[in-house]
Structure formats: structure tokens, C-alpha cells
A.B. asks: 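One structure, as C-alpha cells, below. Some questions next.
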Amino acid sequence: MYLSTSRASDIAGNTPAPKGPVRAVPGTVFALGLVSLVTDVSAEMVTAVLPLYLMAGLGMSPLAFGALDGLHQGATAVLRLAGGRIADRTRRHKLVAGTGYALSAGCKAALLAVTTPWSVAAVLAADRTGKGLRTAPRDALISLSVPPGEQGRAFGVHRAMDTAGALLGPLAAFGVLWVAVDGYEAVFTVSCCVAVLGVVLLALFVREAPPPATAPAAAPARAARPAPPPVRTLLRLPGLRGLCLTAAALGLFTVGDAFLYLLLQRRLDLPAAYFPMLPVGTAAVFLLAALPVGRLADRLGRRRVFLGGHVLLLGAALLLLAPVPAGAPLVFGVLAALGLFYAATDGVLMAAAGPLLPAGLRTTGLAVLQTAQALARFAGSLLFGSAWTLWGPGVALGLAATGLLLSLVAVAVFGGTRAERPS
């Protein structure tokens, strides 16, 4: 397992990882991984019960849930850009990220006070605002802590720790639902307490990124903090525009895992109490695969691995559409494909973009890429929810699978499979 060094300079990300068969990641990566682990326990406790809570408990329609799922994916995309610009302008990545984590923690407490579908949606929108603020600064802290050739490994370590939280969160929700009389409120209460712990860990153990190495030591403070350029200027950087187009084209037909779990639950006729266990299988595969897939991406090309992940997502959709008996093979196949999809796409996309961006603009550039993907997924969730409402879940999934296949072909034909040079 990858261990972090204990020296303060390593925590600040100033010392490169030592060479050898077992290499330590900088302390910044490890500390942020720990924060993400704890925060994901909190978030996934809520996410694991949310589909049934809204659709079965509060009576939300599939179309409305599609809109809400899209909100999770992309309605706060503008906040990603805002968080990126503020962090780059002030060089306060930790403060911006911490604000986002604190806002999300407050929203877990607010869930205890709301009881209607759209009041829940409003709280979740605020929670997504916190995620939008923190994601780009957090990923920039990781990217700035390691050399270009080890971006995939660093993001793999972080995503593995993050996914450990995603694995524990549904288990915690399952345990609370099993023993609590008022199950959903108990889940939200425990989730809030865990989220506060994540904010405390961030404040205590995460250090700010070092200033860009290219900045003159004696330069005035204003000169070291130029205003980030417009989005279209960033998109002129070599390779970034292609990554944004690829992420958006594939994101438009990326079916949210909540929909896939609902479809799987219908096929299995699974009792509601066991529903939170479905994300556990996905998280377990993601946890085991995140680091090796990140290292594979460093060697074979991050764009190539990113596209391969979407092929696996297509496989999960086809399994749900195929006349496969509702049993263990179907469950293992869908959850394994979904877990490998996340391992091959989540951190890998950020690792592909990091070396393309100068240090002083990295947060804004990553936010631009995340926004392109998030907006596409937002539109895709709305389309999927509409198709489910109009024609049923089978037709909706078939249309999404067809669109994803065509997008993969288009991206491959127009150069999306080109492997970048090793950094």
C-alpha cells in the first residue's frame, strides 16, 4: 500500500516521491485522500438511500428524479468555475476547498428539517454547490504536489481512499436502517456528524500548495497572482479543448449510477432495506482498481484508458438489457463494470488534464473540464428521466446505450484514442 511520509515538507508537497518499487505519495495527497474518505462516508450514506427515499418514500416521479440526478451532476457547474478562478487568483486552494466541504456538511444537517421532494432538492442543490466549490481546488492541490509523470498514480491513490469512503458509506447506511426505528432521519444525523469530522481533518492536516516554481522570488505579490484568463483562452491550450469535447460527448450518454441501481433493483425484486448494498459492490471494485488503473493510464495513455472506461459502462447497460437471469452473475457483472468504469474515468481525466495546464491556472483549467463534463451529464440525466417517463426504463436505457456507442465511435474516429506522450 502507498504510504505518506511524515515530514512537514512532504505534507506540503515540496518533496518529490522517492524512486523505487514502493514509492510514497506526498503528504498532501494522503491527507486529501483521508478527508475524501471521511466525506464520502457521509455523502454515500445519503446517496445510498436517496433514490428510494425520494421515489418510494416521498413519491417523486422518474422525470423529477432525472432532473434531480442531473442537478447532482451539473447544475452547479458554474460554481466549479467560480471555485477554480477564486483559488487561482488568491492561491488559497485549501480555503476554497474547505468552504465547499463545510457547506456540504451543513446541508446534511438541513436534510433533517425538510420533508417534501423539492425542499429536499433545494438542500441537495446547496450540497452540490459545496461540491462544485471544492472539487477543482482539491484536484489542483493533488496535481501540483506530484511531477507530471506520476499524475495518474497520485490521483489513483486519492481516488482509492475516496472510494474506501464510498464503500463504507452504504454499509453504514445499511446498518443504521437495520437498527433504527426512524431510519432515514438517523441516516442523515450520522451523515452530518461524519461530514463535520471531514472538515476538521482538512483544517488540521492539509497544507496549501507551494507557489508556482516559475514565479520570481522577489516579484511583487500582485505580479505573482495574475487574473485567470477567459475560458476560451484556456481552451486554446494544446489538448485541453479535445479533452473537454471528449468528456462532454461521452457525458451526455453516461447513465447515472442511481438509475442503474434502480433498474437492477427492479430486475432482482430487491427489498428496500438491501438497496444500499448495491453501491457497495461498485465501490469495492473501484477501490481495488483505482490505483492499478491509474498507473496503467500513466503507461498506456490516459485518454485511451478514459475511453475504455466508457466501453465498460456500455457493457453494464447491455447486461441490464440482455435476457440474463436475475441472479448473482447479473449483479456481479453490472457492479464490476460500473466500478471499473469509475476507476478508469474519475481520476484519470484529471490526470490527463493536469500536465496540460500551467501551475498558476491549473485549478481554473480543471474546473473548465469538470464543468464541460458536468453540464453534459446534467443534460443526459434530464433526457434519460424524460425517456423513462415517456417510454419506460428499458427504452430509455437502450437509447442511452446507443448514444454512448455512437459517441465512442465518433471520438475514436476524430482522434480521441490518441495516447498522449508520457510525461
Side-chain angles (χ1 to χ4, degrees), residues 40 73-74 135 139 142 151-163 166-167 239 242-261 264 279 281-320 332-354 366 369-370 372-374 376-377 380-381 384 397 400-420:
D40 245 36
Q73 299 289 348
T135 300
D139 285 349
I142 296 170
Q151 297 277 315
R153 187 174 68 92
F155 277 100
V157 170
H158 174 267
R159 292 322 196 247
M161 297 180 72
D162 180 277
T163 308
L167 178 65
L243 274 181
C244 288
L245 291 174
T246 297
L250 297 175
L252 185 62
F253 299 102
T254 296
V255 181
D257 50 4
F259 278 121
L260 294 177
Y261 296 145
L264 190 56
T282 299
V285 176
F286 189 180
L287 174 63
L288 294 173
L291 181 53
V293 170
R295 298 183 68 182
L296 182 68
D298 284 338
R299 295 174 182 174
L300 297 185
R302 295 154 193 160
R303 294 177 180 86
R304 202 172 271 172
V305 171
F306 181 73
L307 293 182
H310 285 83
V311 173
L312 291 167
L313 178 64
L314 178 62
L318 294 177
L319 266 177
L320 284 170
F332 293 149
V334 171
L335 299 184
L338 192 56
L340 289 171
F341 159 71
Y342 282 117
T345 56
D346 190 6
V348 170
L349 182 61
M350 297 298 101
L366 293 179
L369 178 57
Q370 292 164 356
Q373 184 182 55
R377 289 186 174 181
S381 290
F384 189 86
L397 187 60
T402 302
L404 183 57
L405 176 61
L406 293 176
S407 295
L408 283 166
V409 172
V411 168
V413 168
F414 291 105
T417 57
R418 291 178 302 175
E420 68 275 15

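Counting from 1, the numbers follow the sequence of the chain as shown.
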A.B. asks: For Y342 and T163, which I'm curious about, is there any donor-acceptor pair between the side chains at under 3.5 Å?
C.D. replies: no

A.B. asks: Which value, rounded to the nearest 0.5 Å, describes the distance between R302 atom CZ and F155 atom CZ?
C.D. replies: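 Reported to 0.5 Å precision, the distance equals 9.5 Å.
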
A.B. asks: Please find the pair of heavy atoms, one from V293 and one from A343, that lie closest to each other, and give the distance.
C.D. replies: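 For V293 and A343, the tightest heavy-atom pair comes out as CG1-O, 3.4 Å.
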
A.B. asks: Test of understanding: with salt bridge (charged side-chain N to carboxylate O under 4.0 Å, His left out), list the residues that count as partners of D139, not counting sequence neighbours.
C.D. replies: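 Counting only residues at least two positions away or on another chain, D139 forms a salt bridge (charged side-chain N to carboxylate O under 4.0 Å, His left out) with R159.
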
A.B. asks: How close do S381 and F259 get, heavy atom to heavy atom, and via which atoms?
C.D. replies: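 Closest approach of S381 to F259: O-CE1, 4.5 Å.
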
A.B. asks: So how far is it from Q370 CD to T135 OG1, rounded to the nearest 0.5 Å?
C.D. replies: 5.5 Å

A.B. asks: Under the rule for ring-ring contact (aromatic ring centres under 6.0 Å, His included), what residues qualify as partners of F286, not counting sequence neighbours?
C.D. replies: none

A.B. asks: I'd like to know if the side chain of H310 and the backbone of F306 have a donor-acceptor N/O pair within less than 3.5 Å.
C.D. replies: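 Judged by distance alone, yes, a pair lies under 3.5 Å.
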
A.B. asks: Distance check, rounded to the nearest 0.5 Å: L243 atom CG versus L349 atom CG?
C.D. replies: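 So the gap between those two atoms works out to 6.0 Å.
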
A.B. asks: side-chain contact (heavy atoms from CB on, under 4.5 Å) between L264 and L335: does it pass, once the steps are laid out?
C.D. replies: CA-CA 10 Å; L264 190 56; L335 299 184; 4.2 Å; yes

A.B. asks: How close do A160 and L287 get, counting heavy atoms only, and between which atoms?
C.D. replies: O-CD1, 2.9 Å

A.B. asks: Of all heavy-atom pairs between A316 and A337, which one has the smallest distance, and what is that distance?
C.D. replies: CB-CB, 3.9 Å

A.B. asks: Applying side-chain contact (heavy atoms from CB on, under 4.5 Å) to F341 and T254, what does each step give before you reach the verdict?
C.D. replies: CA-CA 11 Å; F341 159 71; T254 296; 3.9 Å; yes

A.B. asks: For the residue pair A353 and L366, what are the closest heavy atoms and their distance?
C.D. replies: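 Shortest heavy-atom contact: CB-CD2, 3.8 Å.
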
A.B. asks: To the nearest 0.5 Å, tell me how far D162 CG sits from D346 CG.
C.D. replies: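 The distance works out to 7.0 Å.
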
A.B. asks: Report the C-alpha distance between L260 and L397 in whole Å, list the side-chain angles of each, state the deciding distance to 0.1 Å, and finish with yes or no for side-chain contact (heavy atoms from CB on, under 4.5 Å).
C.D. replies: CA-CA 9 Å; L260 294 177; L397 187 60; 4.1 Å; yes

A.B. asks: How long is the gap from CG on L314 to CG on L250, to the nearest 0.5 Å?
C.D. replies: 11.0 Å

A.B. asks: Walk me through whether Q151 and M350 qualify under side-chain contact (heavy atoms from CB on, under 4.5 Å).
C.D. replies: CA-CA 8 Å; Q151 297 277 315; M350 297 298 101; over 6 Å; no

A.B. asks: Between L307 and T246, what is the shortest heavy-atom contact and its length?
C.D. replies: CD2-CG2, 4.0 Å

